[in-house]
Amino acid sequence: MRRRLSLLAGVAALGLTLAGCGGGDTAPSDTSNAKDASGKVGVFTWWADGSEKAGLDALVDVFAKDYPNVTFDNLAVAGGAGSQAKSVLAAQLKAGNPPDSFQAHAGAELQDYIDADQLEDLSGFYKDNDLTSQFPKDLVDRLTVDGKIYSVPSNIHRANVVWANVSVLKKAGVDPEKPAADLDGWFADMDKIKASGTIPLAVAGSWTQVQLFENILLSSLGTDGYNGLWDGKTDWKSAEVTKAVKAYEKALSYTNTDRDSLSDWAPATQLVQDGAAAYNVMGDWAEAKFAQDGDKPGVDYVYFPTPGTAGVFDFLADSFTLPKGAPNPAGAKAWLTTIGSAEGQTAFNKVKGSIPANTTAKTDDFSEYQKSAIKDFSQDKIVSSLAHGAAVPVAWLNDLSTAVSKFGGDKNVDGLQTSAAAIAAKFAK
């Protein structure tokens, strides 16, 4: 497990060749072909509403043109980051009732499905569609487990982004164009905002707090220290982690008191849009919400890497699988073909706020933010998101999320570190 997580959560240059990533002579066990697809294809996602549903709709439009003989069956279950959907999916897979394809985060999140022998190897599909030459090598490396690839990414998201209300910052005497360089500077700005009578930092419940936690860890520990939490090189009970957890505790002190009652990310982002809060640490799907609501970058809002993480890209990717026992494997491959195509990725990501995984996709009319993200992904250090399944398997994330949620109530620094260390020891064996 340590070796696999090290591969998945490491930073670039992981030593795998493109030929190796392509899976060589290994082919999926099913022999279905996308060109023969017809009937209905059931696709399971958590893109049920808002800007996320709009992105899915754009992708489905391309799919309908690519495969007019296949009907898309939307099996979406609401809940940001798949918080609800993953539980529903697990029950369906256990009952032997898989969808034709399901959404999962690329990286370690797939490990549980792989270990349970629930996914087809798509290495042959990658070879047939020449995908390894169209996706960035670092992304292909992160998709590869023991020489095989089990999903097709639809995008690349960034999790270490702060979204800020321009008017609120100016009112508090904080320059929107000059974000703080580190956490201390950011907390000092939050003190000014708090003194002005506005909530400094908006956050919601469950996974959004885990995402804030990972951002504070990344800022405090740096890339090597952060990556070490997942491969065993960083001691969860070290003084460095104690400092990071105390910084997270301080960050929580600036947040909205109703955070645990907000079930998903959009209400927290809305607090920033409404001027009720200054900042929101959120993945760049928030960009799609700002755009959909008519907000203008530089005028209504600004964005920047979480202070202390400039030059680092906290990575996640929404990807799609071919489950073993899928009712319509040819339809699933048709869906995966559209997912990986340049046209599909352009249509989807333009609406979703993310950037294409396919480097041949056209991005000339993408937003200012998206163009900056494309540039940053090409040159920044890449780390894997905790909250979004890239850094650790689902079971590890679930246990750690419970510990982080408990900390939000009791503020027991030693308790969180002890729990996190025990969780890491359990899953790293």
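Quick caveat, the model's predicted, so the values are computed rather than measured. Position 1 is the first residue of the sequence; numbering continues from there.
Here the closest non-hydrogen pair linking A420 and L400 is CB-CD1, 3.8 Å. Minimum interatomic distance between S319 and A106 (heavy atoms only, all atoms of both residues): OG-N, 3.6 Å. Of all non-hydrogen atoms in D264 and P267, the two that sit nearest each other are O-CD, 3.1 Å. What you find for T360 and A342 is that their closest heavy atoms are OG1-CB, 3.4 Å. The minimum heavy-atom distance linking Q345 with A361 is given by the pair CB-CB, 4.4 Å. The shortest heavy-atom contact between P307 and A180 is CB-O, 3.5 Å.
Taking the side chain as every heavy atom from C-beta outward, Q92 and L75 never approach each other to under 4.5 Å. Proximity of T321 to Y150: side-chain heavy atoms (C-beta onward) are nowhere separated by under 4.5 Å. The shortest distance between side-chain heavy atoms of K426 and D399 falls below 4.5 Å. You'll find the side chain of F102 stays beyond 4.5 Å of the side chain of T45, heavy atoms only. Taking 4.5 Å as the limit, every side-chain heavy atom of N358 sits out of range of all side-chain heavy atoms of S341. Inter-residue side-chain proximity for D235 and V241 is flagged as unmet; no heavy-atom pair is nearer than 4.5 Å. Residues E120 and F125 have side chains not in contact (no heavy-atom distance under 4.5 Å, counting atoms from C-beta outward). Side-chain contact between T363 and P356 is present, with heavy atoms from C-beta onward closer than 4.5 Å.
Side-chain polar atoms of N349 and Q370 form no donor-acceptor pair below 3.5 angstrom. Using a 3.5 Å distance cut-off with no hydrogens or angles, the side chains of E240 and T234 do not pair a donor with an acceptor. Donor-acceptor pairing under 3.5 Å is recorded for the side chains of Q209 and D260. Side chain to side chain, N215 and Y248 fail the donor-acceptor criterion of an N or O pair below 3.5 Å. For the residue pair Y301 / E287, a side-chain donor-acceptor distance below 3.5 Å is found, with atom types taken as modelled.
A donor-acceptor contact shorter than 3.5 Å links the side chain of E214 to the backbone of A387. Proximity of a side-chain donor or acceptor of N160 to a complementary backbone N or O of D314 within less than 3.5 Å is detected. At least one donor-acceptor pair closer than 3.5 Å links the side chain of N328 to the backbone N or O of K40. Checking side-chain atoms of D380 against main-chain N and O of I382 turns up no donor-acceptor pair under 3.5 Å. A side-chain donor-acceptor contact under 3.5 Å links Y126 to the backbone of S151. With N155 contributing its side chain and D318 its backbone, the two residues share a donor-acceptor pair below 3.5 Å. The backbone N or O of V312 sits less than 3.5 Å from a side-chain atom of R158, completing a donor-acceptor pair. No donor-acceptor pair under 3.5 Å is formed between the side chain of D293 and the backbone N or O of D295. One N or O on the side chain of R259 and one on the backbone of G408 form a donor-acceptor pair closer than 3.5 Å. Proximity of a side-chain donor or acceptor of S419 to a complementary backbone N or O of L416 within less than 3.5 Å is not detected.
More than 12 heavy atoms of other shown residues, nucleotides or ligands fall within 6.0 angstrom of atom NZ in K289. Annotation: K371, atom NZ; neighbour count of heavy atoms from other residues, nucleotides and ligands within 6.0 Å is above 12.
None of L322, L110, V145 except one satisfies the side-chain contact (heavy atoms from CB on, under 4.5 Å) rule with L119; the exception is L110. For the pairing with P176, the side-chain contact (heavy atoms from CB on, under 4.5 Å) check across V299, V166, N165 returns one residue only, V166.
The line from CZ of F348 to CG of L59 is 6.5 Å long, rounded to the nearest 0.5 Å. Remark: T242 OG1 to D414 CG distance equals 7.5 Å, nearest 0.5 Å. We find the CG-CD1 distance between N280 and I199 to be 11.5 Å, quoted to the nearest 0.5 Å. S253 contributes atom OG, which lies 7.5 Å from atom CZ of F187 (distance to the nearest 0.5 angstrom). Atom NZ in K350 sits 12.0 Å away from atom NZ in K362 (nearest 0.5 Å). Note: W265 CH2 to E52 CD = 5.5 Å, rounded to the nearest 0.5 Å.
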Stepwise salt bridge (charged side-chain N to carboxylate O under 4.0 Å, His left out) test for K53 and D57: CA-CA 6 Å; K53 175 63 163 53; D57 289 345; 2.8 Å; yes
Residues L183, K250; criterion side chain to side chain contact (heavy atoms under 4.5 Å, CB included); working and verdict: CA-CA 10 Å; L183 289 179; K250 186 167 186 177; over 6 Å; no
V210 vs L397, side chain to side chain contact (heavy atoms under 4.5 Å, CB included): CA-CA, chis, key distance, verdict: CA-CA 9 Å; V210 178; L397 173 58; 4.3 Å; yes
Criterion side chain to side chain contact (heavy atoms under 4.5 Å, CB included) on T337 and F63, from CA distance to verdict: CA-CA 9 Å; T337 301; F63 178 63; over 6 Å; no
Step-by-step side chain to side chain contact (heavy atoms under 4.5 Å, CB included) determination, L122 to L336: CA-CA 10 Å; L122 293 172; L336 295 177; 3.9 Å; yes
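Contact check on K86 versus E109 returns a salt bridge, with a Lys/Arg side-chain nitrogen under 4.0 Å from an Asp/Glu carboxylate oxygen. Between R142 and D138, at least one side-chain nitrogen of the basic residue sits less than 4.0 Å from a carboxylate oxygen of the acidic one, meeting the salt-bridge criterion.
Aromatic ring pairs are classed by plane angle as parallel below 30°, tilted from 30° to 60° and perpendicular above 60°; the pair W186 and Y279 is perpendicular. F72 and W335 have tilted rings, their planes meeting at an angle from 30° to 60° on a 0 to 90° scale. Using cut-offs of 30° and 60° for the angle between ring planes, the Y369 and W163 rings count as tilted.
Aromatic rings of W46 and H105 (six-membered ring for Trp) have centroids within the 6.0 Å cut-off, being under it.
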